[in-house]
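Take a look at the structure below.
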Amino acid sequence: METKSYDHYTYCEALARKLKVVGHTGQRPRFFTAFGLEDLYNFEDKLSAVTGMVLIAVDGTEMDSTGNRADGLADTYTYSIILARNTQRDRPDTIAQAVHQCRETALQVRNLLLLDPDLREGLGLEMQLNGIGPIGDGFYGVVLTYTVTEYPDYTIDTDYFTD
């Protein structure tokens, strides 16, 4: 039985290391994971010592499965990438600047996703970009949401069932 080939957290951690504006390293952590957007309420401790832009990979394991009434099955998974930057809440201009910088970075991430040869077959062409914040103590930015479709084997794995 075929398993999911796209690993969202691994992909996004490599992306966080590659993006100059994020610059995630072991000594300077700027990459985080969340299980669904609701998980962001617990981010105050994680972000308390962080300044600059962060990347948060969100995988709530959302999936739609459709068949073609024959032997074809398509599983479409939904993923999100949050890019957010710390701001000074008493200065609204810092919020606007953070959202603008995150939006511009997210558009570059979108372009990178669309040009990735490993995702070319399954990446959906419709993507959403929405504002988000505050996360933790004053982080504002954007959420880029997209889908990846995979075509699993249409078989039953007997390891999951008794005789």
Side-chain angles (χ1 to χ4, degrees), residues 1-40 43 46-47 50-86 97-133 135 139-160:
M1 182 175 239
E2 189 174 316
T3 58
K4 259 178 40 172
S5 60
Y6 174 72
D7 184 331
H8 186 57
Y9 293 149
T10 301
Y11 190 93
C12 287
E13 183 172 11
L15 181 60
R17 291 179 187 280
K18 191 176 208 173
L19 281 167
K20 290 178 183 179
V21 71
V22 174
H24 170 70
T25 65
Q27 297 77 33
R28 187 174 170 240
R30 300 289 182 269
F31 168 73
F32 304 94
T33 62
F35 180 77
L37 293 176
E38 305 81 27
D39 203 18
L40 297 176
F43 266 70
K46 291 180 183 180
L47 298 177
V50 177
T51 58
M53 191 179 296
V54 298
L55 188 149
I56 304 169
V58 182
D59 183 358
T61 65
E62 297 174 43
M63 187 262 292
D64 289 319
S65 187
T66 57
N68 65 3
R69 301 258 185 230
D71 60 353
L73 188 63
D75 293 337
T76 302
Y77 296 87
T78 302
Y79 300 102
S80 294
I81 294 173
I82 296 173
L83 292 161
R85 214 177 103 207
N86 61 318
Q97 290 168 357
V99 171
H100 176 75
Q101 184 183 19
C102 292
R103 180 180 60 229
E104 294 303 309
T105 304
L107 292 175
Q108 289 299 307
V109 168
R110 176 204 58 193
N111 296 346
L112 184 74
L113 289 166
L114 289 168
L115 293 172
D116 187 328
D118 293 332
L119 294 177
R120 184 158 291 147
E121 293 290 320
L123 184 68
L125 296 179
E126 293 183 17
M127 298 183 187
Q128 289 184 321
L129 190 64
N130 296 299
I132 192 167
I135 302 170
F139 278 75
Y140 285 83
V142 296
V143 181
L144 176 66
T145 302
Y146 58 96
T147 61
V148 175
T149 301
E150 298 185 357
Y151 304 93
D153 291 338
Y154 202 81
T155 59
I156 295 175
D157 186 340
T158 57
D159 290 342
Y160 286 86

Indicate yes or no for a side-chain donor-acceptor contact from [X] to the backbone of [Y] under 3.5 Å, with no hydrogens or angles considered.
| X | Y | value |
| --- | --- | --- |
| Glu150 | Ser5 | yes |
| His8 | Ser80 | yes |
| Arg30 | Thr51 | yes |

For [X], all residues meeting side-chain hydrogen bond (donor to acceptor under 3.5 Å, both in side chains), sequence neighbours excluded:
| X | value |
| --- | --- |
| Thr149 | Thr76 |
| Asp64 | none |
| Thr66 | none |

Checklist entry - Are Val54 and Ile135 close enough, and set up right, to give a side chain to side chain contact (heavy atoms under 4.5 Å, CB included), and what steps lead you there? => result CA-CA 11 Å; Val54 298; Ile135 302 170; over 6 Å; no
For a quick test of reading the model, state the closest non-hydrogen atom pair linking [X] to [Y] and the distance between them.
| X | Y | value |
| --- | --- | --- |
| Asp59 | Thr61 | OD1-N, 2.9 Å |
| Val22 | Arg28 | O-NH1, 3.7 Å |
| Cys12 | Ala57 | CB-CB, 3.6 Å |
| Ala16 | Phe31 | CB-CB, 3.8 Å |
| Ala34 | Leu40 | CB-CD2, 4.1 Å |
| Leu73 | Pro152 | O-CD, 3.4 Å |

Next on the checklist: Can you list everything that forms a ring-ring contact (aromatic ring centres under 6.0 Å, His included) with Tyr11? Sequence neighbours excluded, please.
Outcome noted: Tyr6
Checklist entry - Partners of Phe43 by ring-ring contact (aromatic ring centres under 6.0 Å, His included), sequence neighbours excluded? => result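 Partners of Phe43 by the ring-ring contact (aromatic ring centres under 6.0 Å, His included) criterion come out as none, since no residue qualifies.
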Starting at [atom1] of [X], measure out to [atom2] of [Y] and round the result to the nearest 0.5 Å.
| X | Y | atom1 | atom2 | value |
| --- | --- | --- | --- | --- |
| Leu115 | Arg110 | CG | CZ | 10.0 Å |
| Glu13 | Phe32 | CD | CZ | 11.0 Å |
| Gln128 | Tyr146 | CD | OH | 13.5 Å |
| Cys102 | Leu144 | SG | CG | 12.0 Å |

Item to check | side chain to side chain contact (heavy atoms under 4.5 Å, CB included) between Val21 and Leu83, worked out | outcome: CA-CA 10 Å; Val21 71; Leu83 292 161; over 6 Å; no
Taking the side chain as every heavy atom from C-beta outward, state whether [X] and [Y] have any atom pair closer than 4.5 Å.
| X | Y | answer |
| --- | --- | --- |
| Leu15 | Leu112 | yes |
| Pro29 | Val50 | no |
| Asn86 | Leu47 | no |
| Phe35 | Thr33 | no |
| Met53 | Leu19 | no |
| Leu123 | Leu125 | no |
| Leu55 | Thr105 | no |

Next on the checklist: The test is side chain to side chain contact (heavy atoms under 4.5 Å, CB included); show your working for Phe139 and Ile132 and say whether it passes.
Outcome noted: CA-CA 9 Å; Phe139 278 75; Ile132 192 167; over 6 Å; no
Checklist entry - Can you list every pair that meets salt bridge (Lys or Arg N to Asp or Glu O under 4.0 Å) and has a residue in residues 114-130, with sequence neighbours left out? => result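 Salt bridge (Lys or Arg N to Asp or Glu O under 4.0 Å) check on residues 114-130 returns no pairs.
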Checklist entry - Would Thr78 and Thr145 count as a side chain to side chain contact (heavy atoms under 4.5 Å, CB included) if you check the C-alpha gap in whole Å, the side-chain angles of each, and the deciding distance to 0.1 Å? => result CA-CA 7 Å; Thr78 302; Thr145 302; 3.7 Å; yes
